[in-house]
Amino acid sequence: MDLEVSPALTIPASELSWRFSRSSGPGGQHVNTSDSRVELSWNVGNSAALSDGQRLMLVTRLAPRLIAGVITVTASERRSQLRNREIALAKLSDLVAGALAPEAAQRRATKPTRGSNRRRLAAKEQRAATKRQRKRPSAE
């Protein structure tokens, strides 16, 4: 089953490699006998599904997570290997989609308006007056 990351990118199942191992955590005797932990790996550098621009973007943005051009996600949240496979596919899809998403536009800083400045100063003056009224009257 191919992994559809976005309408523009579908990772073929032949490029995905799976590894299974025993998972830690609750499960009793069942956890000692079943390989429910899932590792899903995808070689970004050798993928035929990516264009050169997409490959460059993924390699630069996912550089801390890549080991020799391969990205690996693990899933051991569930006791079922099937559920962990689905979770691993979703994790990889979200990771790749997030790395391929365009960067957000930079925020342009603006000055506060004259009216907002006036309101802020009026509120400060009101607060100061409230605190002044709490003072003990002078002894005169």
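Every value quoted in this text rests on a predicted model; they were computed, and no experiment measured them.
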What residues, two or more places apart in sequence or in another chain, satisfy side chain to side chain donor-acceptor pair (under 3.5 Å) together with Arg65?
none
Asn84 side chain to Ser36 backbone, donor-acceptor under 3.5 Å
yes
Extract all donor-acceptor atom pairs below 3.5 Å that involve side chains of residues 105-114 and protein atoms in other chains or at least two apart in sequence.
residue	atom	partner	partner atom	Å
Thr113	OG1	Ser116	N	3.1
Thr113	OG1	Ser116	OG	3.1

Starting from the C-alpha separation in whole Å, work towards a yes-or-no answer on side chain to side chain contact (heavy atoms under 4.5 Å, CB included) for Leu9 and Leu100.
CA-CA 10 Å; Leu9 176 64; Leu100 288 176; 3.5 Å; yes
Is Asn43 reaching over with its side chain to a backbone N or O of Val70, donor-acceptor style, under 3.5 angstrom?
no
With rounding to the nearest 0.5 angstrom, report the CD to OG distance, Glu86 to Ser80.
7.5 Å
Taking all non-hydrogen atoms of both residues, which atom of Val38 and which atom of Ala88 are closest, and how far apart?
CG1-CB, 4.1 Å
Please answer: with hydrophobic residues joined when any side-chain heavy atoms are less than 4.5 Å apart, are Leu40 and Ile71 in the same cluster?
yes
Atom pairs and distances, donor-acceptor, side-chain atoms in residues 53-63, under 3.5 Å, two or more places apart:
residue	atom	partner	partner atom	Å
Gln54	OE1	Ser51	N	3.1
Arg55	NE	Val44	O	3.3
Arg55	NE	Gly45	O	3.2
Arg55	NH1	Asp52	OD1	3.4
Arg55	NH2	Ser47	O	2.2
Thr60	OG1	Leu56	O	3.0
Thr60	OG1	Met57	O	3.0
Arg61	NH1	Ala99	O	2.6
Arg61	NH1	Ala101	O	2.6

Just wondering, are more than 12 heavy atoms of other shown residues or ligands nearer than 6.0 Å to CG in Leu121?
yes
Atom pair CG/CD1 of Leu92 and Ile87 - distance to nearest 0.5 Å:
14.0 Å
Do side-chain atoms of Lys91 reach the backbone of Thr74 as a donor and acceptor pair under 3.5 angstrom?
yes
Is there side-chain contact between Leu16 and Leu89, with at least one heavy-atom pair below 4.5 Å?
yes
Within a strict 4.5 Å, meaning less than it, do heavy atoms of the Ile67 and Thr72 side chains meet?
no
Using a strict threshold of under 4.0 Å (side-chain N to carboxylate O), is an ion pair present between Glu77 and Arg37?
no
Do Glu15 and Trp42 meet the criterion of a side-chain donor-acceptor pair at a distance under 3.5 Å?
yes
Could you go through Glu125 and Arg132, starting from their C-alpha distance and side-chain angles, then the distance that decides it, and tell me whether this counts as salt bridge (charged side-chain N to carboxylate O under 4.0 Å, His left out)?
CA-CA 10 Å; Glu125 188 56 46; Arg132 271 195 307 271; 3.4 Å; yes
Has Arg19 got more than 12 heavy atoms of other residues, nucleotides or ligands less than 6.0 Å from its CZ?
no
Apply side chain to side chain contact (heavy atoms under 4.5 Å, CB included) to Thr10 and Leu3, showing your working.
CA-CA 6 Å; Thr10 301; Leu3 176 62; over 6 Å; no
Once rounded to the nearest 0.5 Å, what's the spacing between atom CH2 of Trp18 and atom CZ of Arg85?
5.5 Å
